[in-house]
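Everything on this sheet refers to the single structure shown next.
One-based numbering, in listed order, for ligands and for the atoms of each.
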Amino acid sequence: MIDYKTITVTPFAQNCRIFVNYDTSECVVVDPGDRAEDIYNAIVEAKLTLKAILITHIHLDHVGAVAKLSKLSGAKIMGSSIEDEPIKTSLPMQAVNFGLNECEKFETEYLKDGDIIEPMSDFSLKVLHTPGHTPGGVCYYCKKLKLVLTGDTLFNGSVGRTDFPMGDYDSLIKGIKTKLFALDDETEVLSGHGPNSTILDEKTTNPYVV
Ligand SMILES: [Zn+2]
């Protein structure tokens with residue numbers, strides 16, 4: 001059985017998710033923006049093995065704890081898409097701009113649109129490249145659990161900001177309409193900030209995309 005918990009981190013209330021396979025005692029962390037030690041200690045206490053750290057996009061409030069958590073656990077780092085590489089090199093500047101702690105450098109295995117990954121047993125995810133908030137931003141769709149991790153691309157009732165350097169509003173909306181709204185209506189939307197939603201709710205009530 002696979003289930004997840006949400007830890008809200010950073011002053012931006014970023015939703016870090018920990019997916020746990022209770023049959024194999026494996027787990028996967030998505031977007032650890034901060035609190036690397038707390039996350040690691042919770043994983044150790046629960047006697048879980050962290051198999052991978054997934055990134056939806058390279059903004060500091062989503063990746064601030066990636067390097068430290070990977071060092072502590074030995075877990076591999078995956079995502080986002082390679083178009084985020086220029087943003088990755090600007091992480092120290094992001095730290096200053098957002099008033100957050102400086103982020104250690106890390107190497108990640110970039111993913112492509114359409115990739116199917118299985119970061120732990122029985123947890124298969126399809127990678128959906130949804131640029132706009134950042135050029136390499138991705139969403140992760142889990143058909144089995146009927147959910148999609150949308151990072152800062154799609155929120156409950158809103159969409160990601162595109163006024164950052166390399167943001168692009170038209171690409172963002174296109175990605176949401178062609179890739180996210182193509183998913184089953186009942187798919188649960190787990191976004192990077194704020195409460196969950198469903199694809200149907202966003203299709204019918206989100207003022208940015210209806
Ligand atoms: Zn962001």
If you consider just the N/O/S atoms, which atom of [X] is the closest one to the Zn ion (ligand 1)?
X	value
H59	ND1
H57	NE2
D152	OD2
H133	NE2

More than 12 heavy atoms of other groups within 6.0 Å of [X] [atom1]:
X	atom1	answer
F164	CZ	yes
K203	NZ	yes
K51	NZ	no

Are any N, O or S atoms from D61 nearer to the Zn ion (ligand 1) than 2.8 Å?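 No.
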CD1-CE distance between I117 and M78, expressed to the nearest 0.5 angstrom
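Answer rounded to 0.5 Å: 4.5 Å.
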Could you walk me through whether D184 and K143 satisfy the salt bridge (charged side-chain N to carboxylate O under 4.0 Å, His left out) test, starting with their C-alpha distance in whole Å, then the side-chain angles of each, then the deciding distance to 0.1 Å, before giving a yes or no?
CA-CA 9 Å; D184 290 340; K143 189 172 181 161; over 6 Å; no
